[in-house]
Amino acid sequence: MRPVCANPGPGCRVRTSVKIATFNINGINRRLPNLLAWLQAAKPDVACLQELKAAHADFPRDAIREAGYEAVWQGERSWNGVAILARGREPVPTRRSLPGGPHDDQARYLEAAVDGVLIACLYLPNGNPQPGPKFDYKLAWFERLIIHAAELHATGLPVVLAGDYNVVPTDADIYPSKSWGRNALLQPVVREAFARLLAQGWTDALRTIHPAGPLPSFWDYMRDGFSRDAGLRLDHILLSPDLAGRLTDAGVDRSVRGEQNASDHAPAWASVSNKRARNGRPLAPFPDHDQH
DNA sequence: ATGACCGCTGGAAGCGGA
């Protein structure tokens, strides 16, 4: 078993590269074999999970620990639920809900520090049907996220905003289809909110590495969406400026969607270097690597 | 091309998801 540590130090090596993934697991206990197989194959350093669909006490901590990951999670019976897994590290939780919603008890936001990087794991509301109260909740949640993201950005810390945004950002992020036109995932007001978030200074890691093409991370169970490759890009990894300069690679593990008993989402991931940026310039180490 | 699928709860059928 690897050593577990909150901060790199003696017995806990500084990593030269960090791979951060987000995966809407659609029922963590139903999907546990798929999750463990993906962790073993993909070996993300950090994995943000959404849609645990499990009460807090039903999180499979032992199996995940056996796979080499420590975790923090926010469970909820039946619906929602988010988790942050870190390979050989103890994530240090900093927030268990999104500010600004004192009566919002849906488990959709979790924040933790891992190796000096602040990881925000989010599950933005679906919002269907629209218009309606669920769509209003989605928009209000988005505004709370935008406010909080601005505060995170202003800290100057390395920050990752990863999760299922339930937003198809542009028409390039969906297969040619007219059937989604009224869906909450594509509404102009939702896309405008996503654009406003990006405009704070966040970098869309997947789109930066793959500037063209649909880059889907979700294929509907209905009408056999995966075999038709009728997919939507819903899962996004946004990087603060410091991390964006270190971005080396990103992608979607789409083969995971083709497994037996698969989630309707595939994992999306981004790698950031601790050595050099994409332009080859040397970089300072992550902030807390000099501590201890 | 959205009704069709899937998971959860509870122990049937309804809700929520996207």
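Per chain, numbering begins at 1; letters A, B, ... match sequence-line order.
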J.: Picking from A:I20, A:T22, A:D249, what satisfies side-chain contact (heavy atoms from CB on, under 4.5 Å) with A:W269?
T.: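 Result for side-chain contact (heavy atoms from CB on, under 4.5 Å) with A:W269: A:D249.
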J.: Please state how far atom CG in A:L234 lies from atom C1' in B:dG17, giving the value in whole angstrom units.
T.: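 Distance, rounded to whole Å: 11 Å.
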J.: Contacts to DNA chain B from residues 47-62 of chain A, heavy-atom cutoff under 4.0 Å, which residues?
T.: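 By residue number: A:E51, A:K53.
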J.: Using a cut-off of 4.0 Å on non-hydrogen atoms, how would the nucleic acid contact of A:N24 be classed: base, sugar-phosphate, or nothing?
T.: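 Sugar-phosphate, backbone atoms only, no base.
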J.: Does a salt bridge link A:D242 with A:R246, judged by any charged N lying under 4.0 Å from a carboxylate O?
T.: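 Yes, charged N to carboxylate O under 4.0 Å.
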J.: Do NZ/NE/NH1/NH2 and the carboxylate oxygens of A:D45 and A:R87 come within less than 4.0 Å?
T.: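 Judged by the 4.0 Å cut-off on N to carboxylate O distance, A:D45 and A:R87 do form a salt bridge.
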J.: Could A:E259 and A:R31 be called an ion pair, given the rule that one side-chain N must be under 4.0 Å from one carboxylate O?
T.: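 Here A:E259 does not pair with A:R31 in a salt bridge, since their nearest N and O are not under 4.0 Å apart.
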J.: With P as the reference atom in both, quote the distance from B:dG10 to B:dG16 in angstrom, rounded to an integer.
T.: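 After rounding to an integer number of Å, I get 15 Å for this pair.
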J.: Kindly indicate whether the side chain of A:F142, heavy atoms from C-beta on, has any atom under 4.5 Å from the side chain of A:V167.
T.: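 In short, these two side chains touch, coming nearer than 4.5 Å.
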J.: Which whole number of Å gives the distance between the C1' atom of B:dA12 and that of B:dG7?
T.: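 Nearest-Å result for B:dA12 against B:dG7 at atom C1': 16 Å.
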J.: Going by number, which of residues 170-178 of chain A have a non-hydrogen atom under 4.0 Å from DNA chain B?
T.: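 None - not one residue of the stretch has a heavy atom sitting under 4.0 Å from the strand.
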J.: From the list B:dT9, B:dG17, B:dG7, which nucleotide is the closest neighbour of the side chain of A:S78?
T.: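 Side chain of A:S78 sits closest to B:dT9.
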J.: Taking the same atom, P, in B:dA1 and in B:dA13, what whole-Å distance lies between them?
T.: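 So the two P atoms sit 33 Å from each other.
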J.: Have A:D104 and A:Y137 got a donor and an acceptor in their side chains that come within less than 3.5 Å?
T.: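 Judged by distance alone, the side chains do pair up.
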J.: For A:D164, which contact category applies under a 4.0 Å heavy-atom criterion: base, sugar-phosphate, or nothing?
T.: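 Sugar-phosphate, backbone atoms only, no base.
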J.: Taking CE from A:M222 and P from B:dG16, how many angstroms apart are they, rounded to a whole number?
T.: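 Distance, rounded to whole Å: 15 Å.
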J.: For A:G27 and for A:N183, find the nucleotide of DNA chain B with the closest heavy atom, then tell me which residue's nucleotide is more 5'.
T.: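 Nearer the 5' end of the strand: A:G27.
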J.: Closest approach to the side chain of A:W79, judged atom by atom: which nucleotide of B:dA4, B:dA1, B:dG7 is it?
T.: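 Per side-chain heavy atoms of A:W79, the pick is B:dG7.
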J.: How close or far is atom P of B:dG17 from atom CD of A:Q106, stated in whole angstroms?
T.: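 Roughly 7 Å, once rounded to whole Å.
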J.: May I have all residue pairs that pass ring-ring contact (aromatic ring centres under 6.0 Å, His included) and include part of residues 217-260 of chain A, sequence neighbours excluded?
T.: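 Output for this query lists A:Y165-A:H236, A:F194-A:H236, A:F218-A:H265, A:W219-A:F226.
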J.: Does A:F226 reach a base, just sugar-phosphate, or nothing at all? Heavy atoms under 4.0 Å.
T.: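 If one applies the 4.0 Å heavy-atom cut-off, A:F226 turns out to touch nothing in the nucleic acid.
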J.: Using a 4.0 Å heavy-atom cut-off, does A:R30 contact any base of the nucleic acid, only the sugar-phosphate backbone, or nothing at all?
T.: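 Touches sugar-phosphate only.
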J.: Evaluate the side-chain proximity of A:L124 to A:K138: yes if any heavy-atom separation is below 4.5 Å, no if none is.
T.: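 Yes. Closest side-chain heavy atoms under 4.5 Å.
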J.: In this structure, how many angstroms lie between the C1' atom of B:dC5 and the CG atom of A:L232, rounded?
T.: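 Computing the A:L232:CG to B:dC5:C1' distance gives 15 Å.
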J.: Taking only N and O in the side chain of A:N26, is any of them less than 4.0 Å away from OP1 or OP2 of B:dC5?
T.: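 So the side chain of A:N26 is outside the cut-off, no N or O lying under 4.0 Å from OP1 or OP2 of B:dC5.
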J.: Is A:R233 touching bases, backbone alone, or none of the nucleic acid, heavy atoms closer than 4.0 Å?
T.: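 Answer is nothing: A:R233 stays at 4.0 Å or more from every strand.
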J.: Salt bridge check, A:R254 against A:D229: does any charged N sit closer than 4.0 Å to a carboxylate O?
T.: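 Salt bridge present between A:D229 and A:R254.
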J.: Side chain of A:K134 only, heavy atoms from C-beta on: which candidate in B:dG17, B:dG10, B:dC8 is closest?
T.: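 Among B:dG17, B:dG10, B:dC8, the one nearest the side chain of A:K134 is B:dG17.
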J.: Check the distance between B:dG17's P and A:L186's CG and give it to me in whole angstrom.
T.: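 For the pair A:L186 CG and B:dG17 P, the rounded distance is 17 Å.
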J.: Just one of A:D173, A:D171, A:L185 clears the side-chain contact (heavy atoms from CB on, under 4.5 Å) bar with A:R191, so which one?
T.: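 In the set A:D173, A:D171, A:L185, the residue that makes a side-chain contact (heavy atoms from CB on, under 4.5 Å) with A:R191 is A:D171.
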J.: Rounding to an integer number of Å, can you tell me how far A:L124 CG sits from B:dG17 P?
T.: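 Atom-to-atom, A:L124 to B:dG17, this comes out as 12 Å.
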J.: Verify the contact: side-chain N or O of A:R77 to OP1 or OP2 of B:dG10, cut-off strictly under 4.0 Å; return yes or no.
T.: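 Affirmative; the distance criterion is met.
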J.: Give a yes or no on whether a salt bridge exists between A:E70 and A:R65, defined as a side-chain N under 4.0 angstrom from a carboxylate O.
T.: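 Looking at A:R65 together with A:E70, the answer is yes, because their closest N to O distance falls below 4.0 Å.
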J.: Give one of base, sugar-phosphate or nothing for A:N166, where a contact means two heavy atoms less than 4.0 Å apart.
T.: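 Counting heavy atoms under 4.0 Å across all strands, the contact made by A:N166 is with sugar-phosphate only.
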J.: Could you give the CD-to-P distance, from A:E76 to B:dG7, as a whole number of Å?
T.: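 Whole-Å distance recorded here is 19 Å.
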J.: How many Å lie between NZ on A:K138 and P on B:dG16, as a whole number?
T.: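 Computing the A:K138:NZ to B:dG16:P distance gives 16 Å.
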J.: Respond yes when some side-chain nitrogen or oxygen of A:R31 is under 4.0 Å from OP1 or OP2 of B:dG7, and no when none is.
T.: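 Yes, such a contact exists.
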